[in-house]
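This report concerns only the one structure given below.
This is a predicted model, so every value here is computed, not measured. Per chain, numbering begins at 1; letters A, B, ... match sequence-line order.
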Amino acid sequence: MTPHEFIKKWSNSKLKERSAAQEHFLDLCRILNEPTPAEVDPSGESYGFEVGATTTTGGRGFADVFKRDHFGWEYKGTHSNLDAAFAQLQRYAVALDNPPLLIVSDIGTTIRIHTNWTNSVSKKYVIPIVDLEDAEKRQWLKWAFSEPDLLRPKKTRQELTEEVAGEFAELAKSLRSRGHKPEEVAHFINRLVFCMFAEDVKLLPERMFTKMIERALDDPAEFEAFARTLFLAMKDGGRVGFEKVAWFNGGLFNDDLVFALTKDELKIIHRAAVQYWGDIDPSILGTLFERGLDPDKRSQLGAHYTDRDKIMMIINPVIVEPLTEEWEAAKGEIVGLLLKAEEAEMNAKAAGGRASSSRRGRATTARNEAQAVLDRYLQRLADYRVLDPACGSGNFLYLALRALKDLEHRAQVEAEALGLPRRFPSIGPEVVKGIEINPYAAELARVSVWVGEIQWMLKNGFAASMEPVLKPLETIECRDALIGPDGSEAEWPKADAIVGNPPFLGDRLMVGRLGEDESEAIRTVFAGRLPRSSDLVCYWFEKASAALGAHRTDRFGFVATNSIRGGSNRKSIEKAMSICPLATAWSDEEWMVDGAAVRVSLLCFARGNAPILLLNGRAVAVINADLTGDGIDLTKALKLSSNRGVCVHGSKKIGSFDIDGEEARHLLQSPVNPNGRPNSDVLAPLWNGADIVRRPGDRWIIDFGMEMKEADAAVFERPFALVVDRVKPDRLTNRNPVLVENWWLHGGPRPAMRNTLPFLTRSIATPALAKHRLFVFVPKPVLADSQLMVVLRDDDTTFGILHSWFHEIWSLRMGTSLEDRPRYTPTTTFETFPFPESLTPDVPTAAYADNPHAIAIAAAAARLNELRENWLNPPDLVRREPEVVPGFPDRVLPVDDKAAAILKKRTLTNLYNDRPAWLDNVHKALDAAVAAAYGWPADLSDDEILARLFALNQERAAAQKGD
DNA sequence: AATCCGACACGCT
DNA sequence: AGCGTGTCGGATT
């Protein structure tokens, strides 16, 4: 069949729906050269006619034609309403697993393809039957059959929202510059956005808002009056001119606040108003308007934007999956009861008389029971409440509401297919509860939830409720979620599930950000329940797990920074785990939000015994409190006495004691001081993390040691004067009296380090925070700054063990991180690490001088160090020059500019980023030597290494108990 | 007096 | 102006 023949046959066809639809569709397959349903899928389940029709009911299917993951297709008789057909298809889309395309056709005149991707803007392709000779239009249809993705609108809803709302930042700025309060500006803009949405989804009369703006453009002075009239009409329902306006409520329109606008501002609004707002993603509105607010106030708002995927990673396990399971169980029961009813009815027909009527009665009972099972499930959904106790602009609540509505809808549609009557959706915005401290964010949350409700209704083919369009959402409260007005613990409403993204604020930043009173109030209320050094998020975990313990909720899931896994924050996880299983967790996820440089963990707890534990998307037998799950709970590793006091933090200066090389050399070459001592007594090169992993920065430090008296320090004339000048003023204002009293000394004296160093030829150091876990030797006159963790040993063997994969993997697991860069924490990493037998840090180096394992490790370590040093400073690129006074390491200088440029790139971070073969080889040799010292094979898997190290840790810890 | 941390902070390209 | 990657000193214990 050719397109021409098709048009001739079908154009203006008067055939009625059922009789013609299949033939029409098959003809279409022929002109498109697409296989027919019968050719592809004889079972008709994933591609067929009347999919979803059951023999039980003999009713119609969910769609006239269905192709899984492609389309649902609905026919209507010629000239009947395609919109009605589309609405019907929308209502059943969920039962068809939401095909990406919904296609409607009236056989004789038009085929319409509606896109149905959840996260893209919707698009409509209209194909008049008479245009089927047009290859492009046929191509659209062909894509629908074979590659629906090619019809996907390029723009995501987020992009659309950013685009249409982006300009409001400009408007907000402009209004603020005229002295309006940021919150009022936000409130006003919120309204404008809602009006544009309402107009585009036809909740306001056609183009009413746009026309209002257009009129005001001609006469900006009138805008205030126009807008006030409109807002007032929306507040109570009423008229603007001749046109009726629906009643909007919900707090958004409870006053008539309007600003006078300039022509330029009106132009911005007009540009936005002519866009299509029906598909906006309310979950992104929060960020956009936050951006429009005063940038300094942004972080105080706490209304951070969580992207949809992350939210669903919590909503799915906490809300959707358990309720889906409940539905599957209920559905199974319903199917069983209906089968029973059917059987009884058949028997009734076969029998007769009294037997017949009793069987008929049994059938009715079974049917009623089936209805009751359905009603119970629907009631369960209607009663289900979700709480977000830090709801911000309402993103979690918006998606939770949609999820619950989807669940209700799916149950209704599937029950209908089984032959039970279907009712109007009953779940609305009242099922989500929120607590939010910022009034503006709380209002945005209410709007988001309502926009979500209206969008859902329209997308699924229902009319939005109109009387009023918005109802006040008292379930979203504006208050503190932790502390009540009287200073006691805040109450949370009862809810079946608790979800959210509580604010992230490190414990040390709490006082600075929340104020001393607020921080103290929180810590007092939770005293004895959580350590005072818990991050702010931990209190949300604590309250939620308490709610679960008190049977006030069944499940909860939160987003936290990934630092929840370590430090004292871990206590809050441990505490929650003691009350209920941690059922689903994601330990370390990227965070894509602008300006929020964090990585996050997601944790979902559930009542009862969760049959399957999911960690990072994989089933595991256990999830440990540090969000690992490979069977070894390394959080149980203990400190070993042999390692105590060996790994210490570098000196913490607290104040600008550091000077650059030029200044230092000037001081070094100055005449001796009145006490007869040179400045070199109180000067040292300073190394920090960056000096090790990048190029050394030639920084020096003035250091009067641990306990020099002020009067003695003052005799070092120039250095002391510099400290008086640069350090003293700040130090005198410090909160810590010790730092004030000893203002000329460093803040962290590190006696262990300073007392031990004289007995060593050098020390070993690793940057506390760096991309790669590196160890280097630090020559003696160099002072290690606080960013370096210093191991007070000078032998190659210890260096080699620390730099081996055994200790590296241990440190990666036992330490913490800043985002994705590992952090070395001596107490949990070094002090728990079981060194090979008799090579432990409490053994004097001399004691293993003849130990062949120690010698082998030392040789490999020395080789590593030598090759690395040669790569960092190749003899042809550098010249070594003695320092201006004796007692300090030679200076390493580039021979010329060209060499300098090359050397700039020669850093340890870069070296380990590339990890050339030679480096890999020396590390392999080192690992082999260390493996031999443990008496282990060289090719153990990482898990096996950790398991053995952990076993060794436990063994040694048990043995030392007697000490 | 020692520890750990950063809804970060800052230098580099 | 974004990317790559570690400062610094406060506050807690």
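Note on A:Leu818: a base of the nucleic acid sits closer than 4.0 angstrom, heavy atoms only. Residue A:Asn913 is in sugar-phosphate contact alone, with no base atom involved, counting any heavy-atom pair closer than 4.0 Å across all strands shown. A:Arg735 comes within 4.0 angstrom of sugar-phosphate atoms only, judged by non-hydrogen atoms across all strands, and of no base. Using a 4.0 Å heavy-atom distance criterion, A:Pro826 is classed as a sugar-phosphate-only contact. The residue A:Gly748 sits apart from the nucleic acid: no heavy atom pair falls under 4.0 Å.
Where A:Arg508 and A:Thr909 each meet DNA chain C at their nearest nucleotide, the meeting point lying more 5' is that of A:Thr909.
In this structure, A:Arg731 does not reach the C:dG10 phosphate: none of its side-chain N or O atoms is under 4.0 Å from OP1 or OP2. For the pair A:Arg823 and B:dC4, the criterion of a side-chain N or O lying under 4.0 Å from OP1 or OP2 is not met. Contact check, A:His649 against B:dA2: no side-chain N or O comes under 4.0 Å of OP1 or OP2. Contact check, A:Arg532 against C:dT13: a side-chain N or O comes under 4.0 Å of OP1 or OP2.
Within a 6.0 Å radius of CG in A:Asn913, more than 12 heavy atoms belonging to other residues, nucleotides or ligands are found. Environment of NZ in A:Lys571: sparse, with no more than 12 heavy atoms of neighbouring residues, nucleotides or ligands closer than 6.0 Å.
Each of C:dT7, B:dC5, B:dT3 was ranked by its minimum atom distance to the side chain of A:Thr816; first place goes to B:dC5.
The distance from atom CG of A:Asp820 to atom P of B:dA7 is 16 Å, rounded to the nearest whole Å. Regarding A:Asn734, its CG atom lies at a distance of 16 Å from the P atom of C:dC8, rounded to whole Å. In this structure, the CE atom of A:Met789 is 13 Å from the P atom of C:dC8, given to the nearest Å. Per the geometry, CG belonging to A:Asn736 stands 12 Å off C1' belonging to B:dA2, to the nearest Å. Taking atom CG of residue A:Leu509 and atom P of nucleotide B:dA7, one finds them 5 Å apart after rounding to whole Å. Between the CD1 atom of A:Ile522 and the P atom of C:dT12 there is a distance of 12 Å, given to the nearest Å.
Pair assignment for C:dG4 gives B:dC10, based on Watson-Crick or G-U wobble hydrogen-bonding distances that are each under 3.5 Å.
If you look at A:Phe775 and A:His807, their ring centroids are closer than 6.0 Å. For A:Phe835 and A:Phe833, the ring centers are positioned less than 6.0 Å apart.
In this structure, a donor-acceptor pair under 3.5 Å is present between the side chains of A:Trp700 and A:Asp698.
Counting distance only, with no hydrogens placed and no angle test, the side-chain atoms of A:Asp535 and the base atoms of B:dA7 include no donor-acceptor pair under 3.5 Å. For A:Lys652 against B:dT3, a side-chain-to-base donor-acceptor contact under 3.5 Å is present.
Distance noted for atom C1' between B:dA7 and C:dT13: 25 Å (whole Å).
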